[in-house]
Every structure is written in C-alpha cells, then in structure tokens.
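Worksheet: the structure to be examined is printed underneath.
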Protein chains: 2
Amino acid sequence: MNLAATIKDIKDMTGLSLATISKYLNGGNLLPKNREKIERAIAELHYEVNEMARGLVTSKSKVIGVVVFDIANVFTCTLLKYLGERFREAGYAAMICDSQNDAQQEADNIRFLVNKKVDGMIIIPVAQEAGFLEPALKADIPVVLMDRSLEGSGIACVKVNNRESSYQALEMLYNYGHRRIAVIGSDRELTGRERLDGCLQLLKDKKNEIPASYLKIGCHSIEHGYNSMQELLRLKEPPTAVFLGNFEIILGAVMALNESSFQCPSDISLIGFDDLIISNLSNPRLTLVVQPLRDLADNAAGLLLERLQNNKNTSGETDPEKQKQGDLILPAQIVEGSSIARRL
Amino acid sequence: MNLAATIKDIKDMTGLSLATISKYLNGGNLLPKNREKIERAIAELHYEVNEMARGLVTSKSKVIGVVVFDIANVFTCTLLKYLGERFREAGYAAMICDSQNDAQQEADNIRFLVNKKVDGMIIIPVAQEAGFLEPALKADIPVVLMDRSLEGSGIACVKVNNRESSYQALEMLYNYGHRRIAVIGSDRELTGRERLDGCLQLLKDKKNEIPASYLKIGCHSIEHGYNSMQELLRLKEPPTAVFLGNFEIILGAVMALNESSFQCPSDISLIGFDDLIISNLSNPRLTLVVQPLRDLADNAAGLLLERLQNNKNTSGETDPEKQKQGDLILPAQIVEGSSIARRL
DNA sequence: TGCACAGAGCGAAACGTTTCACTCTTGGGA
DNA sequence: TCCCAAGAGTGAAACGTTTCGCTCTGTGCA
C-alpha cells in the first residue's frame, strides 16, 4: 500500500537535489529557506531514513552487538540495562544475543553479528579461547570483553578484581575468628578460578589449613551450591563459615541451609560473591562481595565507544599497540549484612 | 584492507552470472557442476551475504524487535531467553530494546525498530494506550503484546489469567481459615489492576470485609512492598495473611518482615505473585502464583512467526478480521511452599 | 526428424542512500 | 571594478544484493 517515503519524494516535493537532502540529513550547511522546505516535506511525508540503504553505502549500522553467555540472570541483564543506556546516549542501538552457555551458539552469534555489520561488540564469553572471535577481528570490528578475560588474546576485558575480593572476603571470615572455613566455587570459568585462587591464597597466607572436604569445586549452579552445602552440613565437623562463589551457588546453598536445622549465623556464617538484591530476601541479611555493575558497564561501553570514535577518525589506520590493551580491573565492594558471627 | 568478498567476486571466480549466484544463495536449482563451483568460491573467498544489501532489496531484515518495559528483572529476561530460542530456531534474530519504564523511550524504541525495518515486534508495553504503536502499524509490521494488553486496541496479547489466579490465591488463604487478609498491590498497570480485581472479587464473594488499612495500593516496587508491610505489622490488629502482588513487592515485604519480630507463617502467612526462583531463598519457602514463562514466550513467538509466515504468503493482503485477534490467556499455577499457616 | 517444454542461466534494472568532483552564486578586499 | 574564495547546490556513480523477463540447451514424445 502506501510505501514509505524516500529521499526522492522529498526531492520531488522541494525541487532540491538528492545530494542536498542527504546533506541536510547528515547535518550539513543549508540555506535557511531550503532547510525549511525540507523539514516541511519530511513532516508532510512522514519521511524516515532507510537505515539499510544508508548502511549499504556507509557500511556502518549504528548497532552494537552484545553477546552474553546467558541472558536469564540478574547479573547479565543488569549489565545489559546499563550498557543499553550508554549506547543509546551515544546514538547506538544494542543487538543482544544469548549464547545459552554454549560455545557453538556463541560462535554462531559472532558470525551473525558480523553479517549484520554491527559497528562493535561487547562480549561476555563462554569459550575460553579467543578463536571464536576471528570473524569479528577479521572484519575489523572492535571488541570489548566483560567479566571473563580471554588470556593471551590481547583483547581488553572490563572486570572485577575477583582474586583480591575473594581474598578479602575470606580475610573477613578469618578476622571474625573463623578457622573452619569452607569454599563452594567453580573452576569452569576464569572468573570462578580467580575467586578460588583468592580464597586459597588467604588460607595459605594465614597458614590456615582446611580439610579437602571443605573445598567444594564444581560449577556455578544452584545444584552445586545445594549439594555442597548439604554435604558440608553432614560432616562430622562442619565448617563454621562458608564462602559462596556466585549468585547461583548462594541460591542453592541458602536453600539447603533453610531446609536444615542449622541457623545462620549462629551455627554457620556465610559470605557470598555477587548480587545485592538477593540479600534482601534472606534472613539474616547476607554479607556480600558486590560487583560495581554500573561501573563495569560504563567502562566497557566507554572503551568501545572510544574505539568506534577513533576508528572513524583514523579511518582504519589504528595503532596496533593501542589495540592490545590490557584488562581494566575494577574493585568490588564488601557490603556487610549480618550473616557472619564472631568466633573467639 | 581486505574488503569483504561480494557476489561479484564469486562471479569473477566462477564465470557465472550474478543472478545465478543469487539463485544459489536463495536455494534455487542449479547444475551440480555450477553449484560446486560456487561453493568452492564461497569457501575460498570466505564470502558472507551482506544483509544490508539484501535487506535493501527485499525490505526484510530477518530481525524481530523486542521492546520490554524494563530489562533488568528476572521476569523479563527469562522471557527474553525463551523468545530468543524460538526466534533463533525460525531463523530470526532478536533486537532487544529497553524502555526503562518510560513511555517516551518506548515510543522512541518503536520508531527506531521501524527504521531498522524489523519484520515483527514483541512488546511488553509501558504505555496504556496503543498510540505509540502507530509507526509500526503504519509500516505494516506485525505486533504481538505480552503480559499487558492494550485494551480496545485489537492487538493480540499473550498473558496470564491475572484475575482468576489472584482470586484463587486469596481463596487459598481463605480456605486455610484466614479472614484478616491484606493485599499489597499496584494499580499502575493493567496487570496490577487485574490482580487487585481478582483479590477484591474473592473477598466480595466470601462477604469477607476487610478494613481499608489492609488494602495497600501503590506500584510494583520494592519500596511499596517494604513500606506497606511495615505499616501492616504496626497496626493494632495486623492481618494474619498477606497477598503480595508481584516480584518487587514480595522482595520489599519479605525484607520488612525479616527485620520485624513477626514470624512467617506462625504470625503472618504469605502468598506471592510471580517468580519461582526467589522462593528458594526465603525461609520458609514461599507459596507462589507462578506464571508459565516458557508457555507465554512460546505462544507469543508462535503467534508472531505465524503472522510473518502468512504475510509472506498473501503478500500483504491480510484479512483485517484475522488481525483483530483477541488476547491469548494462559493459566498460572499455584506452587505451594510453607508460608501459609492453617487458622481455625 | 521435428517440436514443445522444462530447466538452467543471463543481463539489466531496481532498492534508497552517501559521496565525489564539479558548478554556480555571492560578497568582500584590493 | 575586478578577482577570488567560501559557501551552497548538483549530477552521477557507487554500495551489494534480488528479481524480472528473456534466451539457450537438451530431453522426451509424436
């Protein structure tokens, strides 16, 4: 039916040339009289730029691809929210792809976004090697990682100081007088390994040996948290404090604890890594290592937008030295609840 | 540098015409020998279709726009996950836009997606009137709503039976012997109003009058839940049971309860509307009205995909009667925890 | 042997922009 | 008064596909 108006219709209506109208659309200088004419025509015709035609010529889409390992969790979607805000301010839209924790799908996502000619990408990766990024790098699309670095890839990653924060979390337990400290964590992703590292380092530094049964290493899942906590509580000598490696583990562990006869913090103290919102639900309120999600998103978005800007200026001739930026590591913050008891 | 290969490079390499190669790309019939030639060339050149050029000609993008009122919550992003799965299966990608609970931004999002020439839209709206959808409807883009209908708009909405489920939830409290029943809810969105309606209807049907102070009507926010619960507990005669209208309200209310000396369920019983996952954290486990998120997403995606299919077949000549579909209403399910005590 | 027809391939136009290189106009300084 | 530069506008080519209407080839049947 009524096909969308094009620049040609404006030309017919105003008598101006395509080039002039294009100039107007892209913010060039025009005689006020012509400017007015065009504006009237646009209003009357309800003209809207056809982004595909524009994209075809400029090979820019004003779209940023965001690839996340799993979209259905609070960590991810809060980041998405903040990222979205930044991009929108800068005139970019976000195209969000969920990898569903599957490396194959992640690789597909990258290819898909390359085809869509996104101008840049933010990625929270599933894979542990940078190979899957090749299509993007080949197409000269700037990439910024979040949360999980790809070691040795030379691709910048914005993340939290997992190691140091976990160290501090365990230090807190230690300073409260705890010696029988258990750790439920994951060694499946870098993030988890870094957190484990931090925990083990503190124990080592304090020469606070713990039995192997206190070390529950699996993946970041509700199940692992649930089972591990059950096992810990069943021990002849259960720990007096437990470090919970991420949101899902907290969820599972608290569930197991709630079903048991143990009380927090009188019987068992808890400190968790991740989300703030959940601490509202548990009683007592959990003490948590909280990631500065807003800062993480702001920095990642800023880094990417800056690159997009630079790429435009230097028209591709980017200094390879500048590309090889290291990680940007932000401090996490311990927010105290009342889930840690003092032991003397 | 190495510009992406185009169909023309394949032409040069194979000696075939552009039309033939295009035919190959779109699944037409070719001599095996030519098919092979093209495949070899594609592999060698790492050719990938330029979606913008294709889109310019076909004015199809194979992208579905998803506009959500707020991206940073479990309800939304779980839906996004399921929707994404369906769309991916059907060869579509999702472009997700966050309206941040702001009608202005929502209208911008619609315009943006129309410009991006998305093939269809799924919308969980902020606005209560359908006006903001005009750009999409004008451009003949099929739209399916979720969770919140736009009354009188004639646009299909996939949602849960808020009224009936809330009715049943209150009935459950009533059947457990509760008479002093309070309701914390929202009248800001249709969803909230429907739930309130259901609650009030049960009270009416049972001729179970409650004091005005038991009716806490505000918005779906943590704050409203928190403040309302505090106020209820401070009453001379507090309720024995409370209905919590959505996830955020549950969060706030449980927080207030945890800080008080009241115990659930001995002092006060709870039933909440929304998310399953949170019930794992609270102690005791909450009894909840749970929405069938997977079904909601499957149905919404199915409805939209079907329309896209039909539009293609009939090339625009859609029966206006068919467009004016009513809402698709799915039943929610009450999942019992142990947050309701028996009162006799 | 001739004919019709289906299948395969082709050339060129079209999609709606941007951009390059050019022309025209105007006004100010020498 | 003349000249020049800056500013404003223009026509045409280009971006990488799809698609329309056409031609060519070869097969099977009468």
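Naming convention: chains lettered A, B, ... in sequence-line order (proteins, then strands); numbering from 1 in each chain. Because only heavy atoms are used, hydrogens play no part in the values below, and waters and symmetry mates are left out as well, while side chains stay in.
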What integer distance in Å separates A/Leu30:CG from D/dA8:P?
8 Å

Could you check how far CD1 of A/Ile38 sits from P of C/dT17, rounded to whole Å?
13 Å

Look at the side chain of A/Val57 and decide which nucleotide, out of D/dT17, C/dG16, D/dT10, has an atom nearest to it.
C/dG16

Atom-to-atom span, CG of B/Leu56 to C1' of C/dT18 - whole angstrom
12 Å

Nearest whole angstrom, please: distance from the P of D/dT19 to the NZ of B/Lys60.
11 Å

Does one side chain, of B/Arg54 or A/Asn115, offer a donor that lies under 3.5 Å from an acceptor on the other?
no

Test item: side-chain donor near acceptor, A/Ser149 and A/Lys159, under 3.5 Å
yes

Want to settle it: does B/Leu16 or A/Ser22 sit nearer the 5' end of DNA chain C, counting the closest nucleotide to each?
B/Leu16

Looking only at side-chain atoms of A/Ser17, point me to the closest of D/dT17, D/dT10, C/dT17.
D/dT10

Out of D/dA8, C/dT18, D/dT17, whichever nucleotide has its closest atom nearest the side chain of A/Lys23:
D/dA8

Does D/dT18 have OP1 or OP2 sitting under 4.0 Å from an N or O in the side chain of B/Thr58?
no

OP1 or OP2 of D/dT18 versus the side-chain N and O atoms of B/Asn26: is any pair under 4.0 Å?
yes

Measure CG/A/Leu18 against P/D/dC15 and give the value in whole Å, please.
18 Å

Distance in angstrom units between A/Lys117 NZ and D/dG16 P, rounded:
9 Å

Specify the separation, in whole Å, of atom NZ of B/Lys37 and atom C1' of C/dC10.
14 Å

Could you walk me through whether B/Thr76 and B/Asn73 satisfy the side-chain hydrogen bond (donor to acceptor under 3.5 Å, both in side chains) test, starting with their C-alpha distance in whole Å, then the side-chain angles of each, then the deciding distance to 0.1 Å, before giving a yes or no?
CA-CA 6 Å; B/Thr76 306; B/Asn73 72 59; 3.1 Å; yes

Counting just side-chain N and O atoms, does B/Asn29 come under 4.0 Å of either OP1 or OP2 of C/dA8?
yes

Atom NZ of A/Lys8 and atom P of D/dA12: how far apart are they, to the nearest Å?
13 Å

Using the side-chain heavy atoms of A/Leu31, tell me which of these nucleotides is nearest: D/dT18, D/dT10, D/dA8.
D/dA8

Between D/dT18 and B/Tyr24, is there an OP1 or OP2 to side-chain N/O distance shorter than 4.0 Å?
no

Closest approach of A/Ala297 to A/Leu83 (non-hydrogen atoms, all atoms of both residues)
O-CD2, 3.6 Å

A/Ala19 has a side chain; which of C/dC10, D/dT18, D/dG11 sits nearest to it?
D/dG11

Do B/Arg148 and B/Phe69 form a cation-pi contact, if we require the NZ or CZ to be under 6.0 Å from the six-membered ring centre and within 45 degrees of the ring's axis?
yes

